[in-house]
2 protein chains.
Amino acid sequence: MSGDTSARLLALLSFLQTPREWPGSELAQRLGVSPRTIRRDIDRLRDLGYPVEATMGAVGGYRLVAGKAMPPLLLDDEEAVAIAVGLRAAAGSPVEGIEDASVRALAKLEQVLPARLRQRVRSVGAATVSVATAEGPGVAPEALVLIAGAVTGRERLRFAYQGWDGARSRRLAEPYRLVASGRLWYLLAFDVDRDDWRIFRVDRIEEPRLTGARFPERDTPEPDAAAFVRRKMYSSMPTPEITVTVHLSAEEVVRRLGANPEEVEVLGPDVCVLRGHPDTVPFSASRLLMLGAEFEVHEPPELVAYIQALGERALRATRGTGGREASEKFTKGSPS
Amino acid sequence: MSGDTSARLLALLSFLQTPREWPGSELAQRLGVSPRTIRRDIDRLRDLGYPVEATMGAVGGYRLVAGKAMPPLLLDDEEAVAIAVGLRAAAGSPVEGIEDASVRALAKLEQVLPARLRQRVRSVGAATVSVATAEGPGVAPEALVLIAGAVTGRERLRFAYQGWDGARSRRLAEPYRLVASGRLWYLLAFDVDRDDWRIFRVDRIEEPRLTGARFPERDTPEPDAAAFVRRKMYSSMPTPEITVTVHLSAEEVVRRLGANPEEVEVLGPDVCVLRGHPDTVPFSASRLLMLGAEFEVHEPPELVAYIQALGERALRATRGTGGREASEKFTKGSPS
DNA sequence: ACCATGTAGGTCGGATCCTGTCCTAGTTAA
DNA sequence: TTAACTAGGACAGGATCCGACCTACATGGT
C-alpha cells in the first residue's frame with residue numbers, strides 16, 4: 001500500500017506550508033524515514049507541480065512557495081474555523097466578483113468540517129454576521145450552502161417561498177444557478193409545478209430541503225444566468241436608483257466605496273455624482289455616512305428619509321451631553 | 001514513483017470534495033484507471049482517516065463526509081481567491097476567538113497563492129476592506145501576514161515605528177506573538193536595541209522587513225501573551241471607556257451587536273446600558289447608528305462629538321430635498 | 001419478480017516502485 | 001577551512017500496485 005507514501009507526502013506538504021524553513025534532516029526525523037527518502041519526496045512534490053524551494057548552504061532548508069497551481073491546503077482546527085467564519089461573512093454580504101466562489105468554497109469546507117468545529121463556527125460566526133449586516137435582510141449562510149450544493153449536485157429542492165406580496169407557497173424546483181446582485185442572492189430555478197423558469201430571492205426561501213432526486217440537464221433559457229436574472233429583476237420590480245453628490249474626488253470615492261468607476265460622474269476636482277448601485281437602504285446610508293466627506297442625497301426618497309432620520313436620531317443621542325465644543329473641533333478636522 | 005498514485009489520490013479527494021455523488025465508474029474513467037483501483041483508492045483514503053461514504057444501490061456513489069480530521073482542501077482558483085478575500089476582511093477586523101487563527105490561515109494561503117491570483121485578491125479585496133472599516137486605522141493584511149510569518153519562523157524583524165507621541169524610530173525586534181484586542185492588533189516582541197520586551201501597535205508599524213536571521217527562543221515574560229499585552233496596554237494608555245444607554249432590551253443589544261453579555265447592564269425591559277468595549281470611534285459610531293433604536297452616548301467625548309458631527313452632516317446631506325414627510329413616516333416605523 | 005447498476009471485497013501474477021545505504025558534487029555562512 | 005545543508009546517481013531487496021477475474025449484496029425501476 002502506498003498509503004504510507006501518500007500519507008507521508010501529505011504530512012510533508014503540511015510541514016512545508018508553515019511559513020518557515022525546514023531542514024531535510026529534521027523532516028526525515030519527524031516523518032521517520034531516511035533523509036534520502038525526504039529528498040525523493042521533495043522531488044515527487046515538485047513533479048506534482050508544487051514548487052518546493054530550497055536555500056542552500058549551512059542554514060538552508062525547504063519551503064513551499066507560490067507556484068502555478070494551488071496545492072492542497074492542510075489546515076489545523078483553528079484555521080479551518082477561521083476560514084469558515086470568514087467565508088460566512090463574505091457570503092452574507094457578497095463582494096462583487098467572487099460571490100458564488102465564496103459560497104462554493106464554503107460548501108466544500110462545510111462538507112468536510114468535523115462536527116466539533118462546526119459548533120465553534122456557529123458560535124463565533126453569530127457575532128460577525130451581526131456586525132457586517134447589522135440590519136436588513138441577512139441571507140443565512142446555511143441556506144446558501146445547501147442551495148449551492150443542490151445546484152452542483154443537480155438535486156431537486158423543496159422549499160416554502162414568500163412572494164413579494166407576502167403570499168407563502170410551497171415549491172418544488174430544479175435549481176440551476178445562484179446569482180448575487182448587490183447584497184442580495186437570487187436563485188434561478190425551474191419550477192416543476194408551474195413548469196417554467198422562476199427567480200427566487202434566497203432570503204425569502206424558507207426551510208429548503210434536498211429531495212434526493214437527481215434531475216437531468218434542461219435547456220436553459222439563456223447561457224448567461226446573471227444577465228437573465230438581472231433583466232427579469234429589473235422588469236419585475238422597479239429598482240430604486242441612487243443619486244448622490246459627494247464632495248470628494250472621483251478616485252477617492254471609487255477607492256473608499258469600492259464602487260464601479262462607471263457609476264461615478266466627475267463634476268469637478270472635488271465633486272462628483274454617484275448613481276446607480278441598487279443596494280439596501282440602510283447599507284447605503286451607512287456607507288455614505290462613513291465616507292468621511294460632505295454629500296447630498298437626491299434620489300431615492302427612502303434613502304433621503306432614512307439618512308434624515310438617522311441624523312435626527314444621532315443628534316438626539318448627543319443631546320444633553322457637553323459635546324458642543326468637541327463637535328466643533330471635530331468638524332474642523334473633518335473625520336477623515 | 002508513486003507520484004502517480006499520490007497524484008491520483010489527491011485528484012480523487014478533489015472530486016469527492018465537490019458536493020455531489022460520484023459513481024466509481026465515472027471516477028475510474030476520469031482518472032484513467034480501472035474501477036477496481038478506484039475502490040482500492042477509496043480504501044486508502046479511508047485508511048488515511050478521511051471518511052468516504054458510499055450510498056449503495058442503482059443511483060449510488062461516493063462522497064466525502066465530515067470526519068474527525070480536516071482533509072486537505074483542494075481549491076480551484078476562484079475559491080482560493082474567495083477565501084483569501086474573506087480572510088483579509090476577517091484579519092482587518094478581528095473576530096473574537098479566532099483572531100490569530102485567521103492570520104495564520106491567511107499566511108499559509110498567501111505563501112502558496114499563485115501570483116496571478118494574488119493580483120485578483122488585491123483588486124477585489126480593496127472593496128471589501130473599505131466596506132468593513134471605511135475609515136479609522138485599518139491594519140494592512142500584508143503587514144499582518146508578514147509579521148505572523150516572522151513569529152512562526154522565528155525571524156528577526158526590522159521596521160519603523162511611530163510611538164504614541166508621534167515620534168518615529170527604527171526598531172530591530174524578535175517577534176514573539178500577535179495579539180488582537182478590540183479592532184486593533186498588537187505585537188509582543190523583544191526589542192533588541194533596547195534589550196527589553198515591548199508592545200507595538202501593528203497599525204503603527206511601517207515597512208516591516210524580515211532580516212532573514214533566525215533567533216533562538218527567549219525566556220518569555222509571561223506564558224499568556226494575551227494577558228501580558230492587555231495588562232501593559234491598560235497601564236500605559238488610558239483606554240477610552242464607552243458608555244451608552246440604548247432603548248432596547250439587553251438581549252437584542254447583545255444579539256445585534258454581537259457584544260459580550262457582561263458589557264450590558266439591564267436598566268429596564270427596554271432600556272440598558274452598554275459600557276466597556278474599547279474600539280475605534282468611527283466604528284463604534286457606525287454600529288450604534290445602525291442599531292435601529294434610540295440611544296444616548298455619555299462617555300467618551302470623542303464619540304459624542306463624532307456622532308454629533310455625523311448627525312449634522314446627515315441633516316446637511318438631506319437639506320433641500322423634500323424628505324420631511326417621508327422622514328416622519330420613517331421615524332414612526334423606526335427603521336428596524 | 002427481475003434486472004440493471006451500484007458498492008464491497010477476495011485472489012493472483014507480473015510489473016513497478018519504493019526505501020536505505022552507499023557514493024560524489026556544489027553552496028553558503030561562520 | 002569547516003560545518004551543515006541541498007542535489008542526485010547507483011544498486012539490491014522487498015514491498016506495493018494494478019488489472020482481470022470472480023462472488024456477494026443493496027437499491028430502484030420496469
Side-chain angles (χ1 to χ4, degrees), chain A residues 1-12 15-16 20-48 50-65 153-156 210-216, chain B residues 1-12 15-16 20-48 50-65 153-156 210-216:
Chain A
M1 182 126 56
S2 124
D4 219 24
T5 308
S6 298
R8 202 180 52 240
L9 282 184
L10 284 178
L12 195 53
F15 282 128
L16 293 177
R20 57 164 281 201
E21 297 219 318
W22 295 89
S25 54
E26 183 175 352
L27 293 172
Q29 198 179 342
R30 293 206 183 216
L31 297 174
V33 290
S34 75
R36 184 70 183 88
T37 299
I38 292 294
R39 283 201 292 275
R40 273 193 275 249
D41 285 349
I42 298 283
D43 271 351
R44 276 192 268 267
L45 288 183
R46 285 172 179 159
D47 280 348
L48 287 178
Y50 310 130
V52 181
E53 206 171 74
T55 56
M56 310 192 77
V59 293
Y62 298 98
R63 73 178 180 286
L64 193 59
V65 300
R154 294 195 188 296
E155 276 196 64
R156 276 189 175 172
L210 297 177
T211 63
R214 296 259 193 86
F215 61 87
Chain B
M1 188 126 54
S2 122
D4 221 23
T5 309
S6 299
R8 202 181 51 241
L9 282 183
L10 284 178
L12 195 54
F15 282 128
L16 293 177
R20 58 165 280 201
E21 296 219 319
W22 294 90
S25 54
E26 182 175 353
L27 292 172
Q29 197 179 342
R30 293 208 183 215
L31 297 175
V33 290
S34 75
R36 184 68 183 89
T37 300
I38 292 296
R39 281 202 293 274
R40 274 194 274 248
D41 284 349
I42 298 282
D43 271 352
R44 275 194 269 267
L45 288 183
R46 286 172 177 159
D47 280 348
L48 287 177
Y50 309 131
V52 181
E53 205 172 74
T55 56
M56 310 194 78
V59 293
Y62 297 99
R63 74 177 180 287
L64 193 59
V65 300
R154 294 195 190 297
E155 276 195 64
R156 277 188 175 173
L210 297 176
T211 63
R214 299 257 192 86
F215 62 86

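Keep in mind that what you see is a predicted model, and the values were worked out from it rather than measured. Each chain gets a letter, A, B and so on, in the order the sequences are listed, and its residues count up from 1.
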Could you check which of D/dC18, D/dA26, C/dG26 has an atom nearest any side-chain atom of B/R44?
D/dC18
Using the side-chain heavy atoms of B/M56, tell me which of these nucleotides is nearest: D/dT6, D/dA26, C/dG20.
D/dA26
Do A/R36 and D/dG9 share a donor-acceptor pair, side chain to base, under 3.5 Å?
yes
Polar pair under 3.5 Å, donor/acceptor by atom type, side chain B/R40, base D/dG19:
yes
Is B/T37 close to B/R8 at the side-chain level, that is, under 4.5 Å between some pair of heavy atoms?
yes
Let me confirm one number: the CZ-CZ distance from B/R154 to B/F215, rounded to the nearest 0.5 Å.
6.0 Å
Could you check A/I38 against B/Y62 and say which one's nearest nucleotide on DNA chain C is further toward the 5' end?
B/Y62
Nearest nucleotide by nearest heavy atom, which residue falls closer to the 5' end of DNA chain C, A/T37 or B/E53?
B/E53
Taking [atom1] from [X] and [atom2] from [N], how many angstroms apart are they, rounded to a whole number?
| X | N | atom1 | atom2 | answer |
| --- | --- | --- | --- | --- |
| B/I42 | C/dG9 | CD1 | P | 12 Å |
| B/R39 | D/dC25 | CZ | P | 16 Å |
| A/R8 | D/dA15 | CZ | P | 16 Å |
| A/E26 | D/dT6 | CD | P | 11 Å |
| B/L45 | C/dA8 | CG | P | 12 Å |
| B/D43 | C/dG10 | CG | P | 9 Å |
| A/Q29 | D/dA4 | CD | C1' | 15 Å |
| B/D41 | D/dT16 | CG | P | 15 Å |

Below 6.0 angstrom between ring centroids: does that apply to B/F15 and B/W22?
yes
Heavy-atom pair with the smallest gap, counting every atom of A/L9 and B/S6:
CD1-OG, 3.3 Å
So, OP1 or OP2 of C/dT19: does either fall under 4.0 Å of a side-chain N or O from A/T5?
yes
Looking just at side-chain N and O atoms, do A/E21 and A/T55 make a donor-acceptor pair shorter than 3.5 Å?
yes
